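Take a look at the structure below.
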Amino acid sequence: MTMKLSRILFVGALLLAATADAALAAEKVLKVATGFLSSRRGDPYQGITLPAVFTHHAIFDTLTSVDAQGRVIPSLAVEWRPETAKADVWVFTLRPGVTFNNGEPLTAEALVVSAAHMASPNGRAETIGSQMYQVARVEAVDDVTARVILSESDALFPLHATSWRIPAPKAFTTMDPLAFAANPVGSGPFKVDSWIEGRARLVANRASWRAPKIDAIDIVEMVDETSRMQAFLSGAVNLVLSLSPDQRGAVEQAGGTFFARKTSSVYFLAPVTAYRDNPAKDKRVRQALNLAVNRQAIIDAILGGATTPASQLSIPGSFGYDDDLKPIPYDPAKAKALLAEAGYAQGLKLTAGISAGVRASDITYFQQVAADLEKVGVHLELIGRSLAIQQKQMFGGDLEMDMINMFTRGQDMIVDYRHRACVGTTQGRSPVHCDADVTAAVKAAMAEIEPEKRAALYRRVAQLEHDSPPGIVLWQGVEFDALSKGISGYEPAYDTMRLHLIDIAP
């Protein structure tokens, strides 16, 4: 080879490398640090809350969805109607032309297969199968029309279907479950490129009906909040989920946006009274506990004023929300009087199992709740424990403490009563706290088909619990995220990450 030819080849290699580097530099990649990345990877039927299901929102589509006002909007289904007066059969028209990321077309058969799985013993044990317990089976009317047969009336089924993720039926039924979870096949705007312990890379699914604006999402699990923040400040990531509110200054000083993301949850400390005899079984004690907590002061001091005290276990705008109810006021003198009336003039002791989240501030506000209670003579011992252990004991009915931290989920306040109260529609899950009047009102609300009458019954439940609190009702959940300069279109709708809307400036 001549020296001249060698120089030409060398220059050519440099040009190719420069071109590759330029292409790489031009790639739009959302680099995410999260406190939790699901150990079940892309299993479509496991997980319902963020950040565990961040990847699910990228990979899968749900049958229906909600907008920023909590209204049900089309997703894989574009139309729906009840076929019976009892609303126990629903007909859905599917979006035409949708394909899964392996090329399988979306047809009604996908819902048939999905419903059959959820109705199986294994499916009912999974999060979504438990959530969609009323789905008995699906019949394919034609390719784009599915008839969903329920085991009971459900006038709000389109709202409940917002959690129903639809995987590709052939891939799901022919692949080993672990193999499918590692390489999930959905119709969402992204698909899995690689997934290893604590790290996932998703690439754009350009064939998705929700075509993405960026090329890839790199997600890394960082349990420690300080590590997530350092990664953001160093530029290693450009989106961080779940920071503490006191990180606002550092984020904004770095030129980023500090995003307060309100969720559909309401946080509360629930008494364990269904099978434990403790002072919180007395309504007067529960009323006193609520009166003793200065929620607004805690929100202002610890959560940066980013949310509001809750008046009920549902959020503004959700179905049946009672706008007339006001949060229980801060009144420590009245709290002491009620405790004395209940026989605890000298005070009392309670234990509370706390499964804190991935933010440093999560345990702080429970400590402040305990400090407020101490002022009225109630000593609340906080017992830190993992979420997995707490949930296992909660569902199994073997909690050994007087209270636990809980939260509601979604735009339907009734849903969580299936497993935390004595409604009895979720098999194998023990209730935590039961109130006969509330149970009767919940069952009446679940059975009502006419929307206005059902909404009135929801308000009746809220009013009953306002008088006889189901625990210490705190506030609507709020999470804090950090976005680097140049990111646009970050528009979560409550608990749904609409990742196809995100763009990154070059």
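Because the structure is predicted, anything quoted here is derived from the model rather than measured.
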**Request:** Return the orientation label for the F157 and W164 ring planes: parallel under 30°, perpendicular over 60°, tilted otherwise.
**Result:**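 Rings of F157 and W164: perpendicular, over 60°.
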**Request:** Over 60° means perpendicular and under 30° means parallel, so classify the ring planes of W80 and F92, tilted if in between.
**Result:**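 F92 and W80: tilted rings.
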Within-4.5 Å side-chain heavy-atom neighbours: [X] and [Y]:
| X | Y | result |
| --- | --- | --- |
| D43 | E126 | yes |
| L241 | E479 | no |
| F407 | T49 | yes |

Determine the minimum heavy-atom distance between [X] and [Y], stating which atoms define it.
| X | Y | result |
| --- | --- | --- |
| S163 | M132 | OG-SD, 3.6 Å |
| D142 | V144 | OD1-N, 3.0 Å |
| P271 | R286 | CG-CD, 3.8 Å |

**NZ (K262) with more than 12 external heavy atoms under 6.0 Å** =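 More than 12 heavy atoms, drawn from other residues, nucleotides or ligands, come within 6.0 Å of this atom.
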**Prompt:** Does atom CD of Q69 have more than 12 heavy-atom neighbours from other groups under 6.0 Å away?
**Reply:**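 More than 12 within 6.0 Å, yes.
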**Complete:** Hits for side chain to side chain contact (heavy atoms under 4.5 Å, CB included) against A207, two or more places apart or cross-chain, chain-then-number order -> T99, N205
**L50: side chain to side chain contact (heavy atoms under 4.5 Å, CB included) partners, not counting sequence neighbours** =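 Side chain to side chain contact (heavy atoms under 4.5 Å, CB included) check on L50 returns V53, F54, H57, R261, M497.
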**Item:** side-chain contact (heavy atoms from CB on, under 4.5 Å) evaluation trace for V185 with F180
**Value:** CA-CA 7 Å; V185 184; F180 185 90; 4.0 Å; yes
**Item:** Nearest-0.5 Å distance that lies between atom CD1 in I404 and atom CD1 in I383
**Value:** 12.0 Å
**Asked** Atom OH of Y45 and atom CD1 of I128: how far apart are they, to the nearest 0.5 Å?
**Response**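 It comes to 9.5 Å.
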**Item:** Partners meeting side chain to side chain donor-acceptor pair (under 3.5 Å) with Q393 (sequence neighbours left out)
**Value:** R385
**Complete:** For D61, the side chain to side chain donor-acceptor pair (under 3.5 Å) test, sequence neighbours excluded, returns S187, W209, R210
**Message:** M403 vs I472, test: side-chain contact (heavy atoms from CB on, under 4.5 Å). Steps then yes/no.
**Reply:** CA-CA 10 Å; M403 307 186 81; I472 305 176; 4.0 Å; yes
**Message:** When you compare the side chains of Y458 and Q312, does any donor N or O come within less than 3.5 Å of an acceptor on the partner?
**Reply:** no
**Prompt:** Without hydrogens or angle criteria, can the side chains of T307 and Q476 be said to hold a donor-acceptor pair below 3.5 Å?
**Reply:**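 No donor-acceptor contact under 3.5 Å links the two side chains.
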**Request:** Could you tell me if the ring centre of F100 sits under 6.0 Å from that of F172?
**Result:**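 That pair fails the under 6.0 Å test.
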**Prompt:** Is it true that W475 and Y365 have ring centroids separated by less than 6.0 Å?
**Reply:** yes
**Request:** Quickly, which of D246, V369, I302 forms a side chain to side chain contact (heavy atoms under 4.5 Å, CB included) with T364? Name it, please.
**Result:**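 Single pass found, and it is I302.
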**Prompt:** Looking at L499, D503, I504, which hits side chain to side chain contact (heavy atoms under 4.5 Å, CB included) with K213?
**Reply:**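 The passing option is D503.
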**Prompt:** Under the 3.5 angstrom rule, does the side chain of E104 hit a backbone N or O of A171 as a donor-acceptor pair?
**Reply:**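 Yes.
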**Item:** Main-chain N/O of L399 paired with Y275 side-chain donor or acceptor, under 3.5 Å
**Value:** yes
**Complete:** For R454, the salt bridge (Lys or Arg N to Asp or Glu O under 4.0 Å) test, sequence neighbours excluded, returns none
Can you give me every donor-acceptor pair (side chain of residues 188-203, partner residue at least two apart or in another chain, under 3.5 Å) with its distance?
{"residue": "R201", "atom": "NH1", "partner": "D218", "partner atom": "OD1", "Å": "2.7"}
{"residue": "R201", "atom": "NH1", "partner": "D218", "partner atom": "OD2", "Å": "2.9"}
{"residue": "R201", "atom": "NH2", "partner": "E27", "partner atom": "OE2", "Å": "3.4"}

**Message:** Test salt bridge (charged side-chain N to carboxylate O under 4.0 Å, His left out) on D215 and R206; report intermediate values, then the result.
**Reply:** CA-CA 9 Å; D215 301 297; R206 299 298 181 190; 2.6 Å; yes
